[in-house]
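Here is how names work: the chains are called A, B, and so on, in the same order as the sequence lines, proteins then strands, and each is numbered from 1.
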2 protein chains.
Amino acid sequence: MTETVPTGAPGRAALLRAMEELAREQGVNGVGLREVARRAGLSHAAPTHFFGSREGMIRALALEGLALLDDELCTAQERAARLPGRERLVADSLEFVAFAQRNPAHYDAMFRTPSIANGDDVLDRARLAALGGLRALVVDVHAAGDITGDIETTFLQLCAMSHGIASLAVDGLLHGFDELAPGDSGMDIAERIIRAQVAQLP
Amino acid sequence: MTETVPTGAPGRAALLRAMEELAREQGVNGVGLREVARRAGLSHAAPTHFFGSREGMIRALALEGLALLDDELCTAQERAARLPGRERLVADSLEFVAFAQRNPAHYDAMFRTPSIANGDDVLDRARLAALGGLRALVVDVHAAGDITGDIETTFLQLCAMSHGIASLAVDGLLHGFDELAPGDSGMDIAERIIRAQVAQLP
DNA sequence: AGCGCGTGCTTTACATTGTCAAGCCCCGCG
DNA sequence: CGCGGGGCTTGACAATGTAAAGCACGCGCT
């Protein structure tokens, strides 16, 4: 459950990289302790040694991803700092979806693996923290008078929409809508939905 | 991959029921061929006999769920037929996430299991068919002049939002937002987001 | 009546997985 | 020198997914 070993071993990093690669190919629930070990060039029990269990291993990927997302949302927010208010909301939401598309393995572990999700304070906290940037942005834009609706509701709307699109993207289901939006790539569809959504906010 | 045996065996139904029960308790990727067989009172190889493989078994659950959802959305639409246009959109979207909450196992198999998702025409078709009801509703409401925005975009928005909320609900993550909306149950939060969303449509 | 034969399932077998217990190597500190 | 503890391996076990072969029985056919 919890990590058996502090953190900062050489093999640990190799295992994380191998796991991410595997999860990218097969999805998170296709990752196996032994296959990860094999790819990292270690013995079959190395992962259990570091992560305690399969669940612990995936949890580690989730935590890594949450830190990464937090970072990326921050820099995206800085980059967009001088844009008009609503554009900043678009940029942030889009960045969220792009992150999921770029790091599907991490995203899957972070937000879509309930066995990991439930009853883990550290993880719950990290999730809220990573989303905190978006919430703060909503507050800002509201304070600047660019949007006027209820802050909580607006935040929930953006979260639901972003997670919905990201989930579809991770599962490769966004292409299922191709017939409706022919020629568009996943990100094109995402941007279209997000722009419409943000434009409609009161 | 494909089913080994037509359909309509006595044991097959028992297996499906057992699988749904198991998936409800453990999530879809916690279901195992052998455990399902045990619960259904059959030999450990019965599931492979009927479904060909673990993947095939989950696929069967997905197909069952898609048929179910199709039905429920239809009757929900009939029930709401005399409501004002936007209320009908609310009712349909709400019914969608209520379905996910009531049948998390099915929903998981239907929309959140990429190993099943990819390259399966029958499944893709069934998914679009189940969503077709919502699309038709959008067209109707648009034709009645109750909404005026682009039909495709509106449809995509509603899909993304509904799937986002449903996914959070299935993963038990909606409660993570409790601090923001204290005292609300999952469905309360869902309704709040959906109402805001529909009200904002142009 | 007897004979297949296909549907519906079981039995046996095997490779692979997650997990646990024990052990080995080696660096740093006493 | 020793010895302790990180960092990892080896070995074993129960459980899983999959494949192949086999059994029972009801149906149609002659």
Side-chain angles (χ1 to χ4, degrees), chain A residues 1-23 25-62 105 108-109 113-116 118 120, chain B residues 1-23 25-62 105 108-109 113-116 118 120:
Chain A
M1 204 66 95
T2 329
E3 319 226 340
T4 296
V5 160
T7 78
R12 218 191 99 104
L15 287 169
L16 275 173
R17 264 175 290 135
M19 165 167 46
E20 204 248 320
E21 183 190 295
L22 217 194
E25 295 170 15
Q26 315 240 20
V28 161
N29 56 42
V31 311
L33 257 3
R34 284 169 122 106
E35 176 68 18
V36 166
R38 224 169 282 136
R39 292 198 186 202
L42 296 175
S43 88
H44 75 256
T48 13
H49 172 67
F50 286 110
F51 306 115
S53 69
R54 195 191 110 105
E55 203 179 292
M57 184 169 90
I58 290 164
R59 206 186 90 110
L61 187 66
D108 209 359
T113 308
S115 48
I116 304 307
N118 298 330
D120 189 324
Chain B
M1 202 63 94
T2 328
E3 321 224 340
T4 297
V5 159
T7 79
R12 218 190 100 105
L15 287 167
L16 276 172
R17 264 176 290 137
M19 164 166 48
E20 205 248 321
E21 183 191 294
L22 217 195
E25 295 170 16
Q26 315 239 18
V28 160
N29 57 43
V31 311
L33 256 4
R34 285 171 119 105
E35 177 67 18
V36 166
R38 223 168 284 136
R39 293 199 186 203
L42 296 176
S43 90
H44 74 254
T48 27
H49 172 67
F50 286 110
F51 307 114
S53 70
R54 195 189 111 102
E55 203 179 293
M57 184 169 88
I58 291 164
R59 206 186 90 110
L61 187 67
D108 209 359
T113 309
S115 46
I116 304 307
N118 298 330
D120 188 324

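Which of C/dC9, C/dT10, D/dG7 sits closest to the side chain of A/Ala9 comes down to D/dG7. In this structure, the nucleotide among C/dG8, D/dT10, D/dG7 sitting nearest to the side chain of B/Phe50 is C/dG8. Here D/dC8 is the nucleotide among C/dT11, C/dC20, D/dC8 with the atom lying nearest to any side-chain atom of A/Leu42.
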Under-3.5 Å N/O pairs linking protein and nucleotides 15-17 of chain D:
residue: D/dT16; atom: OP2; partner: B/Arg38; partner atom: NH2; Å: 2.9
residue: D/dG17; atom: OP1; partner: B/Leu33; partner atom: N; Å: 3.2
residue: D/dG17; atom: OP2; partner: B/Leu33; partner atom: N; Å: 2.9
residue: D/dG17; atom: OP2; partner: B/Arg34; partner atom: N; Å: 3.3
residue: D/dG17; atom: N7; partner: B/Arg34; partner atom: NH1; Å: 2.6
residue: D/dG17; atom: O6; partner: B/Arg34; partner atom: NH1; Å: 2.8

Intermediate values then yes/no, side-chain contact (heavy atoms from CB on, under 4.5 Å), B/Glu20 and B/Leu61: CA-CA 7 Å; B/Glu20 205 248 321; B/Leu61 187 67; 4.1 Å; yes
Does the pair A/Arg34 and A/Arg38 meet the rule for a side-chain contact (heavy atoms from CB on, under 4.5 Å), with working shown? CA-CA 6 Å; A/Arg34 284 169 122 106; A/Arg38 224 169 282 136; 3.6 Å; yes
side-chain contact (heavy atoms from CB on, under 4.5 Å) evaluation trace for A/Thr113 with A/Glu55: CA-CA 10 Å; A/Thr113 308; A/Glu55 203 179 292; over 6 Å; no
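In this structure, A/Ile58 atom CD1 and C/dG18 atom C1' are separated by 12 Å, rounded to whole Å. Between A/Leu15 atom CG and D/dG7 atom P the separation is 13 Å, expressed in whole Å. Atom pair A/Arg12:CZ and D/dG6:C1' shows a separation of 14 Å (rounding to whole Å applied). In this structure, CG of A/Leu22 is placed 14 Å from C1' of C/dT16, rounded to the nearest angstrom.
Comment: A/Arg39 engages A/Glu35 in a salt bridge, judged by a side-chain N to carboxylate O separation of less than 4.0 angstrom.
Considering only residues two or more places apart in sequence or on other chains, A/Leu42 meets the side-chain contact (heavy atoms from CB on, under 4.5 Å) condition with A/Leu15, A/Ala40, A/Ala46.
Between B/Asp108 atom CG and B/Asn29 atom CG the span is 7.0 Å, to the nearest 0.5 Å.
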